[in-house]
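We count residues from 1, following the sequence as given.
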Amino acid sequence: MKKSKNKYVFHKNPILVFDFLKAKNIPKKSYNNFLNNKNDVIKTDFNVNKFADEIHPITQRVLIKKIIDHKNGIKSFLLKGVDRKLAFFRSGQYISVILDIDNVKISRPYSLVSSPNDVIDNNTYLISVKLKDDGYVSKYMHNSLKEGDIIEVSGPNGHFYYDDLRDSKHILAIAGGIGVTPFISIMKDIVQNNLDVKLTLLYSVFYKKDIVFYDELLELNKSSNIDIKFITTNEKNEGFINKLIDYEMLKEFYNNSSIFICGSKAMINAMLNITNQLNIEKKYIRYEGIEQFDLSKLSEYNNENKKSSYKIKVRIFDQVVTIDGSSSDSILVSLQKAKLHTQSLCLSGSCGWCRIRLISGKLFVPKSADKRRIADKNTNIYHSCCSFPISDVEIESY
């Protein structure tokens, strides 16, 4: 295997082939050891296992090398690998930051702003975090983390990236606020590696001061493959568009494009309605954003017991505890408030890391967030990040 500037390239490797042949015999050897009451540890330190961990690590330790304050409620964190080379990623993917807050491990996903070249050349990731008034994790990151701290992050995840086998040669990117970050990564990749793709970015913010990485965006906009349209909805600026992104605007810039959308849930829904009016097939549309639900505005929501709080009985291995849960909080949030350790990554119902099994009771899942497999639905598996109690429930957490 060797690395090019922007992807891993595989070649025939007899050592890896030999590893696969040895790995094939593990189940048989393990079973024979069991029958003969042997306690031999099966060795799994094959090259293929090391290679898999290199490109798909569960966690990675990183040093906060630099914190950039953008002076608009957003800070960027430059993260450098500590123990190893950071895992390679595809521009547009995200990592989850894993923090120990009040003796509970909590994770939040953040899009990578850096380009894949930054891993190869500097062993660094760059992420940006917007401070939210009710943001438990964002407040901690803004107020408590400092340069020199070492934290954990996940390996890269997500499918919000350009694929030349799947996507058009033209990307119509639509971003709202901090949702521009994955597009910065994608544009860097296009420019630095001279990719055969053009990208038009419609970047909407309330005020010009809300733009993140403005100077860097201006520099990227000099490329013939990049065309950035700055949009401010609450003020007029010379050279900027001053209105909400609407049907006419999308129709103007659409050119048999693959459409990528990143922003708030309200923005994503509005853009999906417009793409539907334009009769754009769903397979050409990708969107990403953390789900935020106002249950009172969902027509399918039915809290039939009309209660604002419920009891949640939680089984975690041999431990059984009962906690209080709010009808307006997801199961994941209730578990975190009770300081129970949980796994999570995407917070949008996609990855399945926060899965739970419903033993009894009822949970509500918004239709837009229910991305479970049929097999999961048939076995009462739910994603706790977007499952809400509508009765007292008993669950098993993994």
Between the side chains of Lys105 and Asp100, is the shortest nitrogen-to-carboxylate-oxygen separation below 4.0 Å, so that they form an ion pair?
no
Check against side-chain contact (heavy atoms from CB on, under 4.5 Å), Ile285 and Ile280
CA-CA 8 Å; Ile285 302 170; Ile280 300 171; 4.1 Å; yes
Yes or no on side chain to side chain donor-acceptor pair (under 3.5 Å) for Ser76 and Ser128, after CA distance, side-chain angles and deciding distance?
CA-CA 4 Å; Ser76 292; Ser128 296; 2.6 Å; yes
Do Arg355's NZ or CZ and the ring of Tyr382 fall within the cation-pi criteria of under 6.0 Å and 45°?
no
Same cluster or not: are Leu202 and Leu244 linked, directly or through other Ile, Leu, Val, Met, Phe, Trp or Tyr residues, by side-chain heavy atoms under 4.5 angstrom apart?
no
With rounding to the nearest 0.5 Å, note down the distance linking CG in Asn225 to CE in Met187.
12.0 Å
Closest approach of Glu288 to Gly92 (non-hydrogen atoms, all atoms of both residues)
OE2-O, 4.1 Å
Kindly determine whether Tyr162 and Phe183 satisfy ring pair (Phe, Tyr, Trp, His ring centres under 6.0 Å), including the steps that lead there.
CA-CA 10 Å; Tyr162 174 78; Phe183 296 125; over 10 Å; no
Verify whether one side chain among Asn123 and Lys85 offers a donor that lies under 3.5 Å from an acceptor in the other.
no
Determine whether Ile226 and Leu201 make a side-chain contact, defined as any pair of heavy atoms from C-beta on separated by less than 4.5 Å.
no
Side-chain contact test, heavy atoms from C-beta onward, threshold under 4.5 Å: evaluate it for Ile245 versus Ile231 and give yes or no.
yes
side-chain contact (heavy atoms from CB on, under 4.5 Å) between Lys132 and Val137, intermediate numbers included:
CA-CA 9 Å; Lys132 298 180 180 179; Val137 174; over 6 Å; no
I would like to know whether Lys139 and Asp133 meet salt bridge (Lys or Arg N to Asp or Glu O under 4.0 Å); could you show each step before the answer?
CA-CA 8 Å; Lys139 282 184 178 179; Asp133 293 337; over 6 Å; no
Cys354 backbone acceptor or donor facing Ser384 side chain under 3.5 Å:
yes
Hey, does Ile74 have a side-chain heavy atom less than 4.5 Å from the side chain of Ile178?
yes
Among Arg357, Arg315, Lys313, exactly one meets side chain to side chain donor-acceptor pair (under 3.5 Å) together with Glu396. Which residue is that?
Arg357
Does a side-chain heavy-atom distance below 4.5 Å link Leu363 with Ile390?
no
Lys251 atom NZ, neighbour heavy-atom count above 12 within 6.0 Å:
no
Would Arg108 count as a cation-pi partner of Tyr94, with NZ or CZ less than 6.0 Å from the six-membered ring centre and within 45° of the ring normal?
no
Answer with yes or no whether the side chains of Ser258 and His170 bring together a donor and an acceptor at under 3.5 Å.
no
Under 4.0 Å between a Lys/Arg side-chain N and an Asp/Glu carboxylate O for Asp149 and Lys146?
yes
Looking at Asp196, I want to see if its CG is surrounded by more than 12 non-hydrogen atoms of other residues, nucleotides or ligands under 6.0 Å.
no
Quick one: do Phe260 and Leu172 satisfy side-chain contact (heavy atoms from CB on, under 4.5 Å)? Show the steps, please.
CA-CA 6 Å; Phe260 286 60; Leu172 179 54; over 6 Å; no
How far apart are the C-alpha atoms of Tyr136 and Asp102, what are their side-chain angles, what is the distance that settles it, and do they pass the side chain to side chain donor-acceptor pair (under 3.5 Å) test?
CA-CA 11 Å; Tyr136 186 54; Asp102 297 331; 2.8 Å; yes
Kindly say whether Val97 contributes a backbone atom to a donor-acceptor pair with the side chain of Ser107 at under 3.5 angstrom?
no
Check: Phe230 and Asn237 side chains under 4.5 Å, non-hydrogen atoms
no
Can you confirm whether Ser115 sits close enough to Phe89 that some side-chain heavy atom of one is under 4.5 Å from a side-chain heavy atom of the other?
no
side-chain contact (heavy atoms from CB on, under 4.5 Å) evaluation trace for Ile261 with Leu272
CA-CA 9 Å; Ile261 311 166; Leu272 291 178; 4.1 Å; yes
Sub-4.5 Å side-chain heavy-atom contact between Val191 and Leu220:
yes
Close side-chain approach of Asp227 to Leu199, heavy-atom, < 4.5 Å:
no
I need the Gln192 CD to Asn117 CG distance, nearest 0.5 Å.
4.5 Å
Taking Asn122's backbone N and O only, do any of them form a donor-acceptor pair with Lys80's side chain (distance below 3.5 Å, no angle check)?
yes
Does atom CG of Asn143 have more than 12 heavy-atom neighbours from other groups under 6.0 Å away?
yes
